[in-house]
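Encoded as structure tokens, the structure appears first; notes follow it.
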Amino acid sequence: MSVPLTSLALVRGLIGYIVGFAVGMAIVLLGRLVLGVEPWFPEAVYVGGIICAMIAFLLSSGVMSDWLKWTRGVDTPMPHGSPAGRPAWARYFGIDYNHKVIGIQYGVTGLLLLIVGGTFALIFRTELAEPGMQFLTLQTYNEIFSLHGWVALASILLGIGGLANYLVPLMIGAEDMAFPRLNAFGYWITVPGIVTLLASLLVGGWDSGWTAYPPLSLRGAVGYQFMFWGVFAIGLSSILGSLNLIATILMMRPKGMSLFRMPIFCWAVLATSMIQLTATQFIGVDFLLLSFERSLGMPFFNPIMTAEGVNIGGQPILHQHLFWFYSHPAVYVFVLPGLGIISELLPVFSRKPLFGYRWVALSSLAIALVGFLVWGHHMFTSGYQPYLRVAFMISTLLVAVPTGVKFFSWLGTMWGGRLTFPTPMLFTLGAISVFLIGGLSGPVLATVTTDLYLHDTYFVVGHFHATIFGGFVFPFFAAIYYWYPKITGRMYNETLGKLHFWIMTPAFWVMSIGQMSVGVLGMRRQIADYDPALGITGGQIAITFAGFAIAFSILLFIYNIFTSAEVGVLAGANPWRSRSPEWQIPSPVPEHSFASPISVVGEPYDYGLAGSKYVAMAGAGDD
Amino acid sequence: MPSSASNKRHFVIVGVLVVVMTIVLGWILNSVLPLPEAGVAQAATVDALFRVHMWLIAFLFALVCVFMVYSFVVFRRAKREDEGDHFEGNTTLEVLWTAIPLVLVVVFSFIGVRTLADITAARPDELQIQVTGQQWSWMFAYPNGTTNAELVVPVGQPLMLEMTSKDVLHAFWVKEWRMKQDLVPGMTTHIHYTPTATGEFTLACNQVCGLSHTNMYAKVRVVTKEEYTAWANEQALAQGVQPHEQAIKLDLQTASN
């Protein structure tokens with residue numbers, strides 16, 4: 001079956017984006033001409049282009065068509081399944097309201113961005129292997145490490161969107177998400193966001209790192225505007241997606257599934273969504289203010305000193321508060337779903353109940369809550385009021401308590417179990433080991449006295465990469481291997497999966513510990529070159545090699561998931577003998593996931609309790 | 001091997017392994033992560049706390065890893081249909097592993113506050129130097145108005161650096177001096193040091209500040225009091241001002257010795 005390219009929402013959207021960009025630029029140019037000011041002011045012209053391009057993308061892709069019809073009073077049916085006469089793959093490039101399709105769209109886009117972000121890292125990692133500048137200029141180095149940050153974070157946000165959208169409705173036995181059209185919109189708005197973010201490279205990039213601290217971010221190339229607006233769009237997706245997930249989890253659970261009888265991953269998504277719904281606005285506002293200051297000259301952040309030394313302008317530190325009020329809680333957005341995956345998989349592969357279910361569930365909420373009170377620990381050297389350092393040190397150390405509960409509960413889950421080690425379990429355990437490295441390197445940074453030394457060194461780089469790999473990337477791989485048979489109906493290749501694990505995990509340990517040690521020896525973060533006198537060249541080479549090993553293992557993973565979809569052995573409905581609702585239905589999951597409503601009649605993780613049941617499928621027999 | 005998960009022998013073995021691994025790991029951490037030579041009095045406090053943290057990391061890492069790896073070995077599944085021991089949790093344990101970390105948090109907060117007060121305290125008779133950062137250079141101004149691109153200070157003399165920036169954020173960091181501080185345009189920030197080691201050190205900007213951030217270095221020379229007064233007098237003479245108060249005091253001290 002052939003499909004005309006222009007019938008794909010993605011293609012139509014991108015064409016709309018380009019046309020919209022040109023129209024937006026023309027409007028601003030004309031407006032400025034009419035007003036009699038110099039027409040070519042890139043800061044304003046490009047912003048006009050970006051805004052129109054994004055709106056044009058959404059309109060031309062068709063993701064808003066149903067809503068627009070509603071404004072005219074036209075009724076729209078909810079479509080189900082692939083449109084007639086079109087191949088199945090085309091669905092994934094089009095507007096689809098099925099949460100399983102949207103979940104895959106999110107997940108695959110997230111993986112693609114992970115590869116793009118990782119490639120940026122390999123480029124500057126190679127440059128850093130030896131002292132001296134080898135093949136990058138200072139300018140390109142700064143642009144690439146900056147872009148690495150936001151591309152990687154976008155990939156995580158989309159990866160989480162993928163996990164949550166695909167799994168939550170299946171885990172609670174729901175037909176779909178609460179608001180399917182909003183769900184599609186939430187995914188599709190990230191696409192122009194990502195395009196805008198990446199397009200920054202074409203107009204000179206930006207060079208401040210992902211934190212965009214002013215006044216630096218108020219100077220430099222117009223690439224900053226592309227970053228601000230790209231992030232804004234992705235942030236809007238976070239807000240809408242989390243709203244949808246909260247509504248779904250709270251309102252669409254089946255009979256008998258009280259909150260404390262949900263699969264534990266749903267608790268993690270609930271906690272994460274509460275953060276996303278309430279914190280994302282701060283970075284949105286912050287980046288808009290930066291954009292306005294650049295294009296309209298409004299003085300929010302840049303100080304303007306009078307001759308008497310009085311500041312009549314803005315305050316650079318204000319940005320740091322606004323930025324970290326989102327960006328610290330965002331770290332918990334990134335890791336809570338992954339920690340939920342760990343808690344979800346350990347009981348299955350230990351054949352034992354999750355130790356202290358309620359404590360694990362509530363620890364996610366506790367982390368989310370405390371996570372709102374700690375943003376100032378990123379600002380210990382910023383020059384804000386000294387007493388704030390003490391308050392933020394104490395609140396930050398407190399995060400260790402609920403995080404500890406999770407670790408100890410995992411140990412309790414494995415203790416006395418009957419453990420097996422297929423690839424998903426290996427990645428779960430790898431995640432625990434890596435997250436442990438990330439977590440344990442936290443308190444020394446939370447304590448102001450020692451942070452004043454380690455702040456903005458490679459120790460911090462090692463710390464947060466371990467946190468995010470342990471809290472997101474490793475669990476993400478665990479999840480993909482684990483639910484792969486549910487998604488495709490076939491098993492992945494176990495040998496390749498194990499090879500992926502056994503290359504990636506030791507390499508990551510080398511990378512993390514290497515980064516932390518060069519940091520302690522004096523390697524600053526975000527620099528293109530370093531002083532050979534620091535004696536860290538050996539460490540830098542090791543980190544670079546480890547980085548390439550990780551990249552190679554991820555190529556194996558990609559090969560595995562692509563080939564196994566064709567040649568993998570048929571998996572059956574429940575290859576892991578899980579009790580969770582999504583494993584009680586056929587693999588791959590049919591268009592209407594549950595043939596009839598399910599009800600919950602027991603505890604979710606009663607492995608090893610004879611005769612216990614979690615879900616009852618009306619009418620259907622046991623697997 | 002004991003079979004039941006609550007058999008005491010498991011816990012004895014794990015306990016011994018945790019102690020051994022803590023000691024080995026603590027030793028490794030404190031040798032793999034050697035801090036650079038210390039150059040100021042305040043560094044002793046920072047370094048001591050860093051070492052305490054390394055031991056805490058060693059202990060917690062050992063605790064989690066030993067339990068985990070022990071489970072891999074002892075609680076490996078033998079037959080496909082095997083199921084684990086059925087226990088859903090233990091409230092006493094949960095309370096314990098919430099309360100003990102909470103106590104640790106309080107202890108570390110207390111230590112954190114005390115050490116912070118120590119390293120940020122002003123010392124009597126400080127030499128005040130104005131530090132100005134701009135893309136991508138440093139400037140140091142002494143109390144008598146002399147300015148210099150190198151920071152030259154006498155050993156043993158308490159310093160207060162008053163810092164600001166002419167353009168974007170920068171950060172002052174000499175790794176041998178441990179603590180760092182941002183330079184913010186539109187406001188003044190402070191930091192206190194008492195240099196204890198003579199020699200040449202490198203000041204590196206530690207807040208990303210644009211194109212040449214990587215290379216935004218300045219030389220820091222810590223010299224003896226005699227060398228310092230000679231240098232300060234020479235600078236004053238060259239820039240046509242009087243030597244500053246501390247330089248005169250140091251001159252008198254060294255003359256009377």
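So you know, we letter chains A, B, ... as the sequences are listed, proteins then strands, and number each from 1.
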Exercise for the section: Go through Phe108(B) and Met393(A) one step at a time and tell me if the side-chain contact (heavy atoms from CB on, under 4.5 Å) criterion holds. Expected result: CA-CA 10 Å; Phe108(B) 269 81; Met393(A) 167 169 70; over 6 Å; no
Problem - side-chain contact (heavy atoms from CB on, under 4.5 Å) assessment of Asp207(A) paired with Leu211(B) - result: CA-CA 8 Å; Asp207(A) 58 357; Leu211(B) 185 66; 5.5 Å; no
Handout entry: Step-by-step side-chain contact (heavy atoms from CB on, under 4.5 Å) determination, Asp456(A) to Trp173(B)
Key = CA-CA 10 Å; Asp456(A) 274 355; Trp173(B) 190 42; over 6 Å; no
Practice task
With side-chain contact (heavy atoms from CB on, under 4.5 Å) as the test, would you mind laying out the steps for Ile437(A) and Phe61(B) before giving the verdict?
Solution key: CA-CA 8 Å; Ile437(A) 295 174; Phe61(B) 193 84; 4.0 Å; yes
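Note that CG of Leu63(B) is 5.5 Å distant from CZ of Phe408(A), once rounded to the nearest 0.5 Å. One distance of note links CG of Leu60(B) with CG of Leu436(A); it measures 8.0 Å at 0.5 Å rounding. Note: Asn215(B) CG to Met133(A) CE = 8.5 Å, rounded to the nearest 0.5 Å. In this structure, the separation between CD on Gln207(B) and OG on Ser208(A) is 10.0 Å, given to the nearest 0.5 Å. From Leu454(A), atom CG reaches atom NZ of Lys180(B) across 7.0 Å, with rounding to the nearest 0.5 Å. The CE atom of Met305(A) sits 7.0 Å away from atom OG1 of Thr164(B), with the distance rounded to the nearest 0.5 Å.
Pairs of residues two or more places apart, or lying in two chains, that qualify as side-chain hydrogen bond (donor to acceptor under 3.5 Å, both in side chains) and include a residue from residues 391-408 of chain A are Ser363(A)-Lys406(A), Ser364(A)-Lys406(A), His377(A)-Thr396(A). Sorted by first and then second residue, the side-chain hydrogen bond (donor to acceptor under 3.5 Å, both in side chains) pairs with a member in residues 103-118 of chain B read Thr449(A)-Thr115(B), Thr45(B)-Asp118(B); sequence neighbours excluded.
Other residues, nucleotides and ligands contribute only 12 or fewer heavy atoms inside 6.0 Å of the CZ atom of Arg358(A). No more than 12 heavy atoms of other residues, nucleotides or ligands sit less than 6.0 Å from atom CD of Glu37(B). Within a 6.0 Å radius of CZ in Phe110(B), no more than 12 heavy atoms belonging to other residues, nucleotides or ligands are found.
The heavy-atom pair separating Tyr607(A) from His86(B) by the smallest distance is O-ND1, 3.3 Å. Arg525(A) and His213(B) make their closest contact through O-NE2, 4.2 Å (heavy atoms, listed as atom of the first residue, atom of the second, distance). Between Pro185(B) and Pro215(A), the shortest heavy-atom contact is CG-CG, 3.6 Å. Minimum heavy-atom separation, Thr381(A) to Gln181(B): O-NE2, 3.0 Å. For the pair Phe355(A) and Asn90(B), the tightest heavy-atom approach, listed with the atom from each and the gap, is CZ-N, 3.6 Å. The shortest heavy-atom contact between Phe87(B) and Gly412(A) is CE1-O, 4.1 Å.
For the options Thr137(A), Leu429(A), Thr211(A), heavy-atom pairs under 4.5 Å to chain B are most numerous at Leu429(A). The candidate with the highest count of non-hydrogen atom pairs below 4.5 Å against chain A, out of Asp182(B), Leu116(B), Leu49(B), is Asp182(B). Interface summary for chain A: among Thr120(B), Ile119(B), Leu183(B), the most heavy-atom pairs under 4.5 angstrom belong to Ile119(B). Contact tally against chain A (heavy-atom pairs below 4.5 Å) for Glu83(B), Met187(B), Arg76(B): the top residue is Glu83(B). No other option in Trp97(B), Phe172(B), Phe67(B) has as many heavy-atom pairs under 4.5 Å with chain A as Trp97(B). Ranked by non-hydrogen atom pairs under 4.5 Å with chain A, the options Leu104(B), Asp47(B), Thr189(B), Thr98(B) are led by Thr98(B). Each of Glu603(A), Gln315(A), His455(A), Arg389(A) has some count of heavy-atom pairs under 4.5 Å with chain B, and the biggest count is that of His455(A). Ranked by heavy-atom pairs under 4.5 Å with chain A, the list Met68(B), Met54(B), Gln42(B), Gln135(B) is led by Met68(B). The most heavy-atom pairs under 4.5 Å with chain B, out of Tyr357(A), Tyr605(A), Phe421(A), come from Phe421(A). The greatest number of non-hydrogen atom pairs below 4.5 Å with chain B, out of Ser409(A), Pro347(A), Gly404(A), is found for Ser409(A). Heavy-atom pairs under 4.5 Å with chain B were tallied for Asp531(A), Asp451(A), Asp529(A), Leu218(A); the largest tally goes to Asp529(A). Heavy-atom pairs under 4.5 Å with chain B peak, among Thr413(A), Thr447(A), Asn311(A), at Thr447(A).
Inter-residue side-chain proximity for Leu411(A) and Ser71(B) is flagged as unmet; no heavy-atom pair is nearer than 4.5 Å. Under the 4.5 Å side-chain criterion, counting only non-hydrogen atoms from C-beta, Lys352(A) is not in contact with Phe75(B).
The contact between Asn142(A) and chain B is made entirely by side chain atoms (from C-beta outward), counting heavy-atom distances below 4.5 Å. When heavy atoms are compared at a cutoff of 4.5 Å, Val113(B) approaches chain A by way of both its backbone and its side chain. When heavy atoms are compared at a cutoff of 4.5 Å, Ala171(B) does not approach chain A at all. Contact of Phe145(A) with chain B is made through the side chain alone, with heavy-atom distances under 4.5 Å. No part of Glu143(A) comes within reach of chain B, as not one of its non-hydrogen atoms sits under 4.5 angstrom from that chain. At a 4.5 Å heavy-atom cutoff, the contact between Val95(B) and chain A is made by backbone and side-chain atoms alike. Looking at Pro443(A), both its backbone and its side chain come within 4.5 Å of chain B, counting heavy atoms on both sides. In this structure, the portion of Tyr217(B) lying under 4.5 Å from any heavy atom of chain A is its side chain and not its backbone. Only the backbone of Pro214(A) comes within less than 4.5 Å of a heavy atom of chain B; no side-chain atom from C-beta onward does. Interface residue Ile57(B): backbone and side-chain heavy atoms are both found under 4.5 Å from chain A. Neither the backbone nor the side chain of Ile304(A) comes within less than 4.5 Å of any heavy atom in chain B. In this structure, chain B has heavy atoms under 4.5 Å from both the backbone and the side chain of Ser382(A). Heavy atoms of Trp177(B) lying under 4.5 Å from chain A are absent altogether.
Between Trp415(A) and Phe11(B), the ring planes lie tilted relative to each other; the angle falls in the 30° to 60° range.
Under the 6.0 Å distance and 45° angle rule, Lys175(B) does not count as a cation-pi partner of Tyr453(A).
In this structure, the side chain of Arg524(A) does not engage the main chain of Val208(B) through any donor-acceptor pair within 3.5 Å.
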